[in-house]
There are 2 protein chains.
Amino acid sequence: MSRTIKVLLAEDQSMVREALAALLGLEDDIEVVAQVARGDEVLAAARAHDIDVALLDIEMPGMTGIEAAARVHRELPDVKLVVLTTFGRPGYLRSAMESGADAFLVKDAPAAQLAEAVRKVLAGERVIDPTLAAAALAEGANPLTDREREVLRAAEDGSTNAELAATLHLSQGTVRNYLSTAIQKLAVRNRAEAVRIAREKGWL
Amino acid sequence: MSRTIKVLLAEDQSMVREALAALLGLEDDIEVVAQVARGDEVLAAARAHDIDVALLDIEMPGMTGIEAAARVHRELPDVKLVVLTTFGRPGYLRSAMESGADAFLVKDAPAAQLAEAVRKVLAGERVIDPTLAAAALAEGANPLTDREREVLRAAEDGSTNAELAATLHLSQGTVRNYLSTAIQKLAVRNRAEAVRIAREKGWL
DNA sequence: GCCGTCGTATGACATCTGTCATCCGGCAGT
DNA sequence: ACTGCCGGATGACAGATGTCATACGACGGC
């Protein structure tokens, strides 16, 4: 091993972020050289520190870790990307991979896998939970169209059709049509269930 | 300081749990003597290890950290309780305090506060974020009755009135009445919003 | 050029949801 | 004893939601 592996850590909850840094700090071949709390600070920090690996939480303010991964991948293609998330949603895995991630870890995996993953991606390997990979493949692609997704997302907070129509600049009937088709595609019985299922699968 | 402070750590996500353990391990006066991943394992572990402080995440399978805190407080009144959570919901703070917690921390507070809180509670102090305390007081108590809360909780996944009636052994009309009063108490316009608001305030 | 899909829209219809008035029994305060 | 509140229920009504048929223009593939 030539020199220490330089890692950027992106995670919005400071306590968790600093704890993960402490964990990685226990490994002598790994060094956390930068920490950020927002998705939209990732790229700048990555540029500023000449890092080897970026460790990105998905759920962050400003920009998701997946979006941040895509940008880093485009701008700094040599940086390896490890995506970390609370929720093992197959759709997340799919989009993380499409964004150029090299590893996908869920936070309820054993802590040892974190340092492991960092070393493996640097060696050119990809790290993916096999169970999750199977789930992602079994589930198939997102059946929702762009508009259906938008309407579902807007409907999440309990807005009425009239409000949805206003915010999305659509007619009320159109909103109902989209929700109706989404409900049918997801094989559920109302918008609330549709939102829940789509979220669970990582389709929103 | 006579001897090291013995801590029990309860948190369901292994990566976070072990990272927090690593963080606390850096302090020489603190020792993590037990770790559990489920709320319903807390009491037994606390009994088995003669601990000084229990550090409890709220969101856990089996039993919430708040419920676990209440049990430990009843059975082992000398154990100090630190409740840790992702969500700074005023209602959580309120119920944590009612369950006998000595400290209430949100995960996006600086990591240093964790060890700090452990030492402070052992010294007999209480540790509460002042902003959150103010919010909890300003918000007033939970206006929902037991049944209203139950129905709202059951309605979260998008079940229809008929399904709710079946699972709760109520008539459909009664379900609608409870939802209607809950909707009015929360000053919102439908069940979805009611669920969202009640969750946000920590009233479910 | 034709076909399928998407985005958008309308109208009609059936069903679900939310509101309200009203009722009952039980139980806690005063 | 009286008053309120809670849990539970019914019936009636208005409005919101979900379904379906149908339509049109744009665009992509074959």
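In what follows, every chain begins at residue 1, and chains take the letters A, B, ... in the order their sequences are listed.
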Contacts under 3.5 angstrom, residues 178-188 of chain B side chains, donor-acceptor by atom type, not counting sequence neighbours:
from	atom 1	to	atom 2	distance (Å)
B/Thr181	OG1	B/Glu148	OE2	2.9
B/Thr181	OG1	B/Asn177	O	3.4
B/Thr181	OG1	B/Tyr178	O	2.9
B/Lys185	NZ	B/Pro143	O	3.1
B/Lys185	NZ	B/Glu148	OE1	2.8
B/Lys185	NZ	B/Glu148	OE2	3.2

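- Nearest heavy atoms, B/Leu144 versus B/Ala198: CD1-CB, 4.4 Å.
- For A/Arg38, the side-chain contact (heavy atoms from CB on, under 4.5 Å) partners at least two apart in sequence or on another chain are A/Asp40, A/Glu41, A/Pro61.
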Reading 5' to 3' through nucleotides 11-27 of chain D, protein heavy-atom contacts under 4.0 Å coded B for base, S for sugar-phosphate only, - for none: -B----BBBB-------
Under 3.5 Å, side-chain donor or acceptor atoms of residues 7-14 of chain A against the rest of the protein: list the pairs with distances, not counting sequence neighbours.
from	atom 1	to	atom 2	distance (Å)
A/Glu11	OE1	A/Lys107	NZ	2.9
A/Glu11	OE2	A/Gln13	N	3.0
A/Ser14	OG	B/Asp108	O	2.7

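- Of all nucleotides in DNA chain C having an atom under 4.0 Å from a heavy atom of chain A, the first and last in 5' to 3' order are C/dC6 to C/dA12.
- Taking atom CD of residue B/Glu148 and atom C1' of nucleotide D/dG8, one finds them 13 Å apart after rounding to whole Å.
- Between the two ends of the helix from C/dG1-D/dC30 to C/dT30-D/dA1, each summarised by a five-pair axis, the helix axis turns through 40° (rounded to 10 degrees).
- Using a 4.0 Å cut-off between charged nitrogen and carboxylate oxygen, B/Glu156 and B/Arg153 do not count as a salt-bridge pair.
- B/Thr145 has a side-chain polar atom (N or O) that falls below the 4.0 Å cut-off from OP1 or OP2 of D/dG7.
- In this structure, the side chains of A/Leu122 and A/Val118 stay at 4.5 Å or more apart for every pair of heavy atoms.
- Here the side chains of B/Asn142 and B/Arg149 are in contact, with some heavy-atom distance below 4.5 Å.
- In this structure the side chain of B/Met15 reaches within 4.5 angstrom of the side chain of A/Leu114, judged on heavy atoms.
- Checked by atom type, the side-chain pair A/Glu67/A/Ser99 shows no donor-acceptor distance below 3.5 Å.
- A/Arg199 is not listed as a side-chain neighbour of A/Phe87, based on a closest heavy-atom distance of 4.5 Å or more.
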